[in-house]
Q: 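Structure below; questions to follow.
Source: prediction; values computed, not measured.
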Amino acid sequence: MSSRRILATLDLAELARLREAYPYRPNARRINAYENAARWIGINVERAQDLWLDRTPPLRILDLGCGAGYFLYVCRFVGHEGLGLDTDEEPIFRGTTELLNVHRVVSRIHPQVPLPDLGEKFDLITGHRVCFHRVARAPNGEWDEWASAEWKFFINDIRTRFLKPAGRLLLDFNPRPDGSSFFTKKLRACFLSEGARIFRSKGLLAADPNQRPRFKQTRRKIDKSL
């Protein structure tokens with residue numbers, strides 16, 4: 001999979017015009033940086049390759065917190081179809097997903113609240129740089145975030161309502177402010193109890209809690225019955 005080839009399919013002039021329409025916001029460095037298509041295409045090519053998406057038959061993918069839509073755009077380039085889910089708080093994301101023709105559902109993920117019915121199930125559900133588990137920020141800058149009960153509810157909702165029998169859920173987390181892993185001792189135990197395969201910042205779960213999924217997906221494991 002070539003980042004250069006994918007980048008060549010983008011209308012960079014139109015991306016620049018989007019930035020003029022939606023100027024930089026103060027104190028929003030991460031959001032502002034999404035105009036750098038070359039950087040984000042490269043990052044999302046790596047994400048797709050980590051899941052072997054350049055070597056698998058076509059999948060139906062749901063991307064939670066799809067942001068600007070670059071991940072789903074890369075996935076489409078290698079033959080997959082996708083749907084994003086995100087809030088509509090960032091105008092630049094609205095403009096970019098429209099430009100990239102990335103379809104999305106506008107919704108927020110709340111603790112212990114089922115996701116909206118999307119009318120289908122998916123082979124792969126992803127969440128990159130996950131932050132929907134952050135509930136509120138304390139005066140000292142630390143986040144109040146989901147505990148094990150909220151994660152178990154979320155994982156069960158995904159498994160029972162959105163994943164095909166051979167489907168996978170990939171969650172990739174930011175490090176904590178002090179540089180430590182998202183996976184504290186309690187959260188690691190929680191995810192492992194749900195059958196997760198944990199690798200660095202990522203937790204990969206199967207639709208079946210009794211199975212430990214692999215990042216490399218083989219053709220025979222992809223269920224096309226649903």
Q: Honestly curious: do V106 and I125 fall in one hydrophobic cluster under the side-chain, below-4.5 Å linking rule?
A: no

Q: Where does the angle between the aromatic ring planes of W151 and H133 fall among parallel (under 30°), tilted (30 to 60°) and perpendicular (over 60°)?
A: tilted

Q: Between I109 and F153, is there shared hydrophobic-cluster membership here, with clusters defined by ILVMFWY side-chain heavy atoms closer than 4.5 Å?
A: no

Q: Looking only at heavy atoms, what is the nearest atom pair of L83 and L72, with distance?
A: C-CD1, 3.5 Å

Q: Mind listing the closest non-hydrogen atom pair of S181 and R176 along with its distance?
A: O-NE, 3.3 Å

Q: Run the numbers on R94 and R104 for side chain to side chain contact (heavy atoms under 4.5 Å, CB included), then give the verdict.
A: CA-CA 9 Å; R94 187 186 317 136; R104 67 172 186 167; 3.6 Å; yes

Q: How many angstroms lie between atom CG of L18 and atom CG of L99, to the nearest 0.5 angstrom?
A: 5.5 Å

Q: With a 4.5 Å heavy-atom cut-off, do W52 and R214 have their side chains touching?
A: no

Q: Using modelled atom types and a 3.5 Å cut-off, is there a donor and acceptor pairing between side-chain atoms of R161 and backbone atoms of L118?
A: no

Q: Looking at CZ of F154 and CZ of F132, how far apart are the two atoms once the value is rounded to the nearest 0.5 Å?
A: 3.5 Å

Q: Rounded to the nearest 0.5 Å, how far apart are CG of L53 and CZ of F71?
A: 5.5 Å

Q: If you define the side chain from C-beta out and look only at heavy atoms, does anything of L170 sit under 4.5 Å from H128?
A: yes

Q: Without hydrogens or angle criteria, can the side chains of R47 and N44 be said to hold a donor-acceptor pair below 3.5 Å?
A: yes

Q: What is the minimum heavy-atom distance between E150 and P111, and which atoms define it?
A: CG-CB, 3.7 Å

Q: To the nearest 0.5 Å, tell me how far R76 CZ sits from E81 CD.
A: 9.5 Å

Q: Is there a side chain to side chain contact (heavy atoms under 4.5 Å, CB included) between Y70 and I41? Walk through the geometry before answering.
A: CA-CA 6 Å; Y70 288 118; I41 289 295; 3.8 Å; yes

Q: Can you give me the closest heavy-atom contact between R212 and A196, atom names plus distance?
A: NE-O, 3.9 Å

Q: Honestly curious: do L171 and V113 fall in one hydrophobic cluster under the side-chain, below-4.5 Å linking rule?
A: no

Q: Provide the closest heavy-atom pair for F162 versus D157 in the form atom of the first, atom of the second, distance.
A: CD1-O, 3.6 Å

Q: Within the 4.5 Å heavy-atom criterion, are D50 and D172 side-chain neighbours or not?
A: no

Q: A side-chain contact here means heavy atoms from C-beta on lying under 4.5 Å apart; do N174 and F182 qualify?
A: no

Q: Might you point out which heavy atoms bring A206 and Q211 nearest each other, and give the distance in Å?
A: CB-O, 3.8 Å

Q: Do the side chain of R197 and the main chain of P213 share a donor and acceptor less than 3.5 angstrom apart?
A: yes

Q: Please report the interatomic distance CG(L62) to CD(E120), rounded to the nearest 0.5 Å.
A: 8.0 Å

Q: Rounded to the nearest 0.5 Å, what separation is found between the OG atom of S107 and the CG atom of L85?
A: 5.0 Å

Q: Can you tell me if D86 uses its side chain to pair, donor with acceptor, with the backbone of G67 under 3.5 Å?
A: yes

Q: Could you work out, with ring pair (Phe, Tyr, Trp, His ring centres under 6.0 Å) as the rule, every residue matching F183, not counting sequence neighbours?
A: F173, F191

Q: Yes or no on side chain to side chain contact (heavy atoms under 4.5 Å, CB included) for L163 and L205, after CA distance, side-chain angles and deciding distance?
A: CA-CA 11 Å; L163 279 180; L205 300 104; over 6 Å; no

Q: Would you say W143 and V135 are hydrophobically clustered, going by side-chain heavy atoms of ILVMFWY under 4.5 Å?
A: no

Q: Does the side chain of D63 reach to within under 4.5 Å of the side chain of V102, using non-hydrogen atoms?
A: no

Q: Just so I know, are the side chains of F122 and I61 near enough to count as touching, which here means a heavy-atom distance under 4.5 Å?
A: no

Q: Do E145 and L187 come within less than 4.5 Å of each other through their side chains, counting heavy atoms only?
A: yes

Q: Is the closest side-chain heavy-atom distance between T56 and L51 below 4.5 Å?
A: no

Q: Starting from the C-alpha separation in whole Å, work towards a yes-or-no answer on side chain to side chain contact (heavy atoms under 4.5 Å, CB included) for R17 and E14.
A: CA-CA 5 Å; R17 284 192 287 271; E14 187 60 31; 2.7 Å; yes

Q: Go through the structure and list residues passing ring pair (Phe, Tyr, Trp, His ring centres under 6.0 Å) with Y73, not counting sequence neighbours.
A: none

